[in-house]
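As structure tokens, the structure follows; a few thoughts come after it.
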Amino acid sequence: MLDQFDIKLLAALQQNSEVTQGELSQKVNLSATQCARRLERLRNEQYIQSVVAILNPAKLGFAVVAHTLVSLRAHTEGGNERLHRFIETAPEILECYSQTGDADFLMKVMARDLDHLSQFLERMIRVTDNLASVKSSIVLKTLKKTTALPLQIVT
């Protein structure tokens with residue numbers, strides 16, 4: 001069970017995971033020792049899955065984000081297995097969801113440019129060999145992007 005101090009700790013870490021123990025204890029009004037104990041418990045109970053660095057795609061040469069809808073011709077064991085293996089190993093796929101609706105999968109794909117995206121899509125079609133349709137929408141402008149969960153609604 002999470003209390004308001006746990007929620008404050010998690011919210012502070014979502015904003016800056018490099019915050020010091022002293023800064024964190026000030027933000028949540030707990031001693032550094034209490035913060036450390038709570039953080040250890042939150043990690044052990046897997047409320048904190050991992051701590052990562054969020055990189056700047058543009059600085060690293062990635063200019064294209066595409067949301068790609070993929071529909072399968074048939075749901076066969078072999079076809080599904082090939083697609084799942086491709087999804088797990090393709091570095092261009094940042095996120096992928098199996099979903100209901102018109103398409104079987106929704107992917108967030110990152111590419112250097114449109115040529116790179118085209119090569120990725122051709123590779124996916126060739127490797128999986130069971131796709132009924134692939135539809136990509138290119139992101140023109142990012143209006144909101146966050147990894148922070150809306151913790152204020154948890155309490």
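In what follows, every heavy atom counts, from backbone to side chain, and hydrogens, waters and symmetry copies are set aside. The structure displayed is predicted, hence computed values, not measured ones. Residue numbers count from 1 along this sequence.
Not a single donor-acceptor pair under 3.5 Å links the side chain of Thr142 to the backbone N or O of Lys144. The backbone N or O of Leu114 sits nowhere less than 3.5 Å from a side-chain atom of Ser118 that would complete a donor-acceptor pair. A distance-only check finds a donor-acceptor pair linking the side chain of Gln34 to the backbone of Ser31 [under 3.5 Å]. Between the side chain of Asn130 and the backbone N or O of Leu72 there is no donor-acceptor pair closer than 3.5 Å.
Atom OG of Ser71 is separated from atom NZ of Lys135 by 7.0 Å, given to the nearest 0.5 angstrom. Atom CD of Gln119 sits about 7.0 Å away from atom CZ of Arg112, to the nearest 0.5 Å. The NE2 atom of His67 lies 7.5 Å from the CD atom of Glu95; values are rounded to the nearest 0.5 Å. For the atom pair Leu30 CG and Phe5 CZ, the distance stands at 4.5 Å (nearest 0.5 Å). Put simply, CG on Leu106 and CG on Asp102 are 12.0 Å apart, with the number rounded to the nearest 0.5 Å. To the nearest 0.5 Å, atom CD1 of residue Ile7 and atom CG of residue Leu151 are 5.5 Å apart.
Around CD of Gln46, the count of heavy atoms belonging to other residues, nucleotides or ligands within 6.0 Å does not exceed 12.
Linking ILVMFWY residues whenever their side-chain heavy atoms come closer than 4.5 Å, directly or via other members, places Ile87 and Leu121 in the same cluster. Val52 is not connected to Met110 by any chain of hydrophobic side-chain contacts under 4.5 Å among Ile, Leu, Val, Met, Phe, Trp and Tyr, and they are in different clusters. Hydrophobic clustering (ILVMFWY, side-chain heavy atoms < 4.5 Å, transitive): Leu94 and Leu83 are in distinct clusters. With hydrophobic clusters built from ILVMFWY side chains whose heavy atoms lie under 4.5 angstrom apart, Ile54 does not share a cluster with Leu60. One hydrophobic cluster, built from ILVMFWY side chains closer than 4.5 Å, cannot hold both Val134 and Val139; they sit in different ones.
Using a 30° and 60° split on the angle between ring planes, Phe105 and His84 fall in the perpendicular class, above 60°.
Residue Val70 comes nearest to Met124 through the heavy atom pair CG2-CE, 4.0 Å, listed as atom of the first residue, atom of the second, then distance. For the residue pair Asp129 and Arg73, the shortest heavy atom distance occurs at O-NH2, 3.4 Å. In plain terms, the two heavy atoms of Ala12 and Lys27 that are nearest each other are CB-CD, 4.1 Å. Here the shortest heavy-atom pairing between Val28 and Leu9 reads CG1-N, 3.6 Å. Ala90 approaches Arg123 most closely through the heavy-atom pair CB-NH2, 4.0 Å. In terms of heavy atoms, His116 sits closest to Ala111 at ND1-CA, 3.4 Å.
A heavy-atom distance below 4.5 Å is found between the side chains of Asp6 and Arg41. The shortest side-chain heavy-atom distance between Thr33 and Gln21 does not fall under the 4.5 Å cut-off. Side-chain contact between Gln14 and Leu10 is absent, with no heavy-atom pair separated by less than 4.5 Å. Gln99 has its side chain within reach of Leu69: a pair of non-hydrogen atoms, C-beta onward, lies under 4.5 Å apart.
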Legend entry - Audit row: Phe86, Ile93, side-chain contact (heavy atoms from CB on, under 4.5 Å) steps and yes/no: CA-CA 9 Å; Phe86 179 81; Ile93 301 174; 4.1 Å; yes
Inset, instruction - May I have the step-by-step check of side-chain contact (heavy atoms from CB on, under 4.5 Å) for Leu13 and Ile48, ending in yes or no? - result: CA-CA 9 Å; Leu13 289 175; Ile48 300 171; 3.8 Å; yes
Inset, instruction - Give the C-alpha distance, both sets of side-chain angles, the deciding distance and a yes or no for side-chain contact (heavy atoms from CB on, under 4.5 Å) between Val109 and Val64. - result: CA-CA 8 Å; Val109 178; Val64 175; over 6 Å; no
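With respect to the salt-bridge test (charged N to carboxylate O, under 4.0 angstrom), the residues Arg38 and Asp3 qualify. Of the charged side-chain nitrogens involved, none lies within less than 4.0 Å of a carboxylate oxygen, so that Glu122 and Arg126 do not count as a salt-bridged pair.
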